[in-house]
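Heads up: the structure comes next, in structure tokens.
Everything quoted here is computed from the prediction, not taken from an experiment.
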Amino acid sequence: MVDVSSAPAPAQPYPSTLTTRADHEWDSDPRLVWSRYCGFVDLSMQDFLDIQEELLLEQIDLVHSSRLGRHLLRGNNPRTVDEFRAMVPLTKYGDYLPFLGPDKDGALAEVPVVWAHTTGAQAGFKWIPYTRRGLERLLDNMMGCFILAAASDRGDVQVWPGDTILYNAPERPYLSGLVTFGMRERFGFRGVLEPEESERMEFKERIRKGFTEALGRRVDVIISMTSVLVKVGEGFAEESRKTRPSRKALKPRALLQMGKAYMMSKLLRRQIMPRDLWPAKAIIGWGIDTPFFRDRVHEYWGKPPFEIYACTEGGIMGMQTWKKNGLVFNPYSDFLEFIPMDESLRSREDDRYKPRTVLLNEVEAGKSYEVVITNFYGMAFIRYRVGHFVQFLPNNGSGPGAQLKQFTFLGRADDRIDLAGFTRLDEKTIWEALNASGLRFEEWTVRKEFETGVPVLHIYLELREQRPPEAVQALVDQKLKEVDPFYADLQGMLGIHPLRVTLLSPGAFDRFYDARRQAGEELGRLRPPHMNSTDEDIADLLKAGG
């Protein structure tokens, strides 16, 4: 990632050029609704590839004469998929720097209706333009997520225009913030908090206010970071005791809802849970931790979290089916290529090496790949290395998405930690080990450090319980060996014991957050990343956790 700007542009008004889907589309025939937004999950592989090819060739015609297109295509105008892959080099964000930004519309094939951004390196931003059709496709894909997340079978449409959504999402111009506005404008969904009100709030306040306002109201779909859902669920009994129903504190409908939930919990001999108050049609979770929190979210909220695969540069590219198992790619989002893991790693060690790519029909079950995308609809990115690794799952032989090769998201390519060339640990592996340990923890971050020239894996961990540091380190070390045999080889073959654990005092990550917010930091800098925190992040975290 490359630093583009140290501060975001002002929030832009939501474009008025969107085509609105009318309510009668749902009323007339739910089968048409399903086919429009969810029919892709039953495509054959050949149909998937045909759609990809048609949209790619249309994209080449759109962009090849633009200034950015000439730069990326090297003056070529390929006429087939094979020519495109042979003639056009892979790209990274640095290749787009002279052309992208809210003041650089003239370099693009189509003038964007809105610019999104995402956090880049050095606390800067990467700017991503969205054309009108690109934005409409993004929102249509989100609609597909809503329908599939609430469905129990093929053709089951339970989500309707006018439904109420509880969003826990960042503000504009983050892509998720733009989506909250767009789903209202395009489909008529209402927010528990209206988007204009929500984005004026600080992120933690937005979450608190959203759940408070939801009391006494019907909530149809909940979209949130999965870790937030777990935290709310874990603390719900305590919070409900603090805000025991009273005529002064709550509105009448909220009192009634709390009373029903209280009676239900007594009948079932357990504490009140969020599912007692908000029996939503669907729970949509985001975050790499979603698979590990699935069971706990299901317990607290009554449904497992529905997973989405998305990024700002590519939009919503994949999602689960109604079976809520592996994810499948959507052919209408971006043209997809995949770099095999060994090729990707070799190219990162030697930037002169040109890795090969494969298409979806050529990937192998059980193997991992780096994702490469080419945007459609006149948007900017061509053969762009997103920096994500995915792993394809064994073919289940039947059911939705069977031909499209289900996958799981592994993490960012630049978040992997190499230890002595034996193992490259990713975020998902650390999550798996920590969850297998049985430790009750609040948050964590990990990075590679050096002790007298020897690399070590250092985890900074905030627990919710008292444990001796030595016991915690031994437990996590054992679980890492169980989930990653290459990590185990460091000890078994080389006699290296790389793990170090520093336990932080309760509230350390919250104090880090508050200090960064008071310093005026942007949302992406308010918490240290799970992988490869900087020296500044660790210094501030130790200060907060001392």
Side-chain angles (χ1 to χ4, degrees), residues 4 9 12-21 36 40 50-81 83-85 87-93 95-118 126-143 172-173 175 178-179 181-182 185-186 310-317 329-337 371-386:
V4 180
Q12 304 148 77
Y14 207 82
S16 59
T17 55
L18 292 178
T19 303
T20 302
R21 299 293 187 195
R36 179 190 295 275
F40 73 93
D50 289 346
I51 292 167
Q52 291 264 283
E53 180 178 16
E54 179 181 348
L55 291 173
L56 174 65
L57 296 181
E58 177 192 276
Q59 173 73 356
I60 294 169
D61 284 340
L62 281 172
V63 306
H64 82 275
S65 60
S66 68
R67 192 149 57 89
L68 177 59
R70 290 194 300 272
H71 171 72
L72 297 175
L73 296 173
R74 305 284 179 89
N76 296 306
N77 190 12
R79 294 300 181 183
T80 67
V81 170
E83 285 184 7
F84 172 74
R85 295 169 66 199
M87 293 177 176
V88 181
L90 298 173
T91 64
K92 296 182 179 179
Y93 194 79
D95 298 309
Y96 299 81
L97 274 177
F99 306 97
L100 295 188
D103 58 344
K104 298 176 182 177
D105 291 349
L108 307 177
E110 293 187 17
V111 176
V113 294
V114 70
W115 286 85
H117 79 197
T118 185
K126 297 192 294 184
W127 287 102
I128 291 85
Y130 271 79
T131 63
R132 181 185 59 80
R133 285 198 303 153
L135 187 57
E136 289 180 353
R137 170 48 58 185
L138 168 74
L139 298 173
D140 285 357
N141 288 357
M142 191 74 241
M143 186 71 243
R172 295 175 296 176
L175 188 63
L178 291 168
V179 167
F181 281 81
E185 299 303 319
R186 188 158 171 78
C311 68
T312 308
E313 298 96 316
I316 296 172
M317 299 183 288
F329 283 104
N330 188 317
Y332 300 100
S333 298
D334 304 273
F335 183 77
L336 297 163
E337 300 175 71
V371 178
V372 175
I373 64 169
T374 296
N375 292 156
F376 299 142
Y377 316 115
M379 291 174 58
F381 293 96
I382 295 178
R383 301 203 80 202
Y384 178 71
R385 299 179 72 165
V386 180

Heavy-atom closest contact (Phe99 atom, Ala107 atom, distance): CD2-CB, 3.7 Å
CA sep, side-chain torsions, deciding dist, call: Asp61, Arg79, side-chain contact (heavy atoms from CB on, under 4.5 Å): CA-CA 9 Å; Asp61 284 340; Arg79 294 300 181 183; 3.1 Å; yes
Side chains of Asp95 and Lys92 in contact at under 4.5 Å (non-hydrogen atoms): yes
Value rounded to 0.5 Å, distance of CG in Leu55 from CG in Asp334: 10.0 Å
Gln52 (side chain) donor-acceptor with Leu336 (main chain) under 3.5 angstrom: yes
Euclidean distance, Glu337 CD relative to Arg383 CZ, rounded to 0.5 Å: 4.0 Å
Min side-chain heavy-atom separation Met143-Leu139 under 4.5 Å: no
Minimum side-chain heavy-atom gap Asn77-Ile60 below 4.5 Å: yes
Where at least one partner belongs to residues 98-108, residue pairs that pass side chain to side chain donor-acceptor pair (under 3.5 Å), sequence neighbours excluded: Asp105-Trp115
Stepwise side-chain contact (heavy atoms from CB on, under 4.5 Å) test for Arg133 and Leu62: CA-CA 13 Å; Arg133 285 198 303 153; Leu62 281 172; 3.5 Å; yes
Exam field: side chain Asn76 to backbone Leu73, donor-acceptor pair closer than 3.5 Å: yes
Main-chain N/O of Ile382 paired to Thr91 side chain as donor or acceptor, under 3.5 Å: yes
Flag, side chain of Glu313 to backbone of Arg385, donor-acceptor distance under 3.5 Å: no
Non-hydrogen side-chain atoms of Val114 and Pro173 separated by less than 4.5 Å: no
Phe376 side chain reached by Leu56 side chain, heavy atoms, under 4.5 Å: yes
Polar side-chain atom of Arg132 near backbone of Val113 as donor-acceptor pair, under 3.5 Å: no
Side chain proximity check, Cys311 to Met317, heavy atoms < 4.5 angstrom: yes
Ring geometry between Phe84 and Phe335 (parallel below 30°, tilted from 30 to 60°, perpendicular above 60°): perpendicular
Gln59 side chain to Gly378 backbone, donor-acceptor under 3.5 Å: yes
Which atom of Gly314 lies closest to which atom of Ser333, heavy atoms considered: O-CB, 4.4 Å
Residue pair Ile316 / Asn330, side-chain heavy-atom distance below 4.5 Å: no
Rounded distance (nearest 0.5 Å) linking atom CZ of Arg70 with atom NE2 of His64: 9.5 Å
Evaluation steps, side-chain contact (heavy atoms from CB on, under 4.5 Å), between Leu100 and Phe381: CA-CA 10 Å; Leu100 295 188; Phe381 293 96; 3.8 Å; yes
Heavy-atom neighbours of Glu83 CD exceed 12 at 6.0 Å: yes
Approximate separation, where rounding is to 0.5 Å, of Asp140 CG and Tyr332 OH: 11.0 Å
Stepwise side-chain contact (heavy atoms from CB on, under 4.5 Å) test for Met87 and Arg74: CA-CA 8 Å; Met87 293 177 176; Arg74 305 284 179 89; over 6 Å; no
Heavy-atom side-chain contact between Val63 and Asn375 under 4.5 Å: no
Pairwise distance CG(Leu135) to CE(Met379) - rounded to 0.5 angstrom: 8.5 Å
Parallel, tilted or perpendicular: rings of Tyr384 and Tyr93 (30°, 60°): perpendicular
Non-hydrogen atoms of Leu175 and Gly315 that approach each other most closely: CD2-CA, 4.4 Å
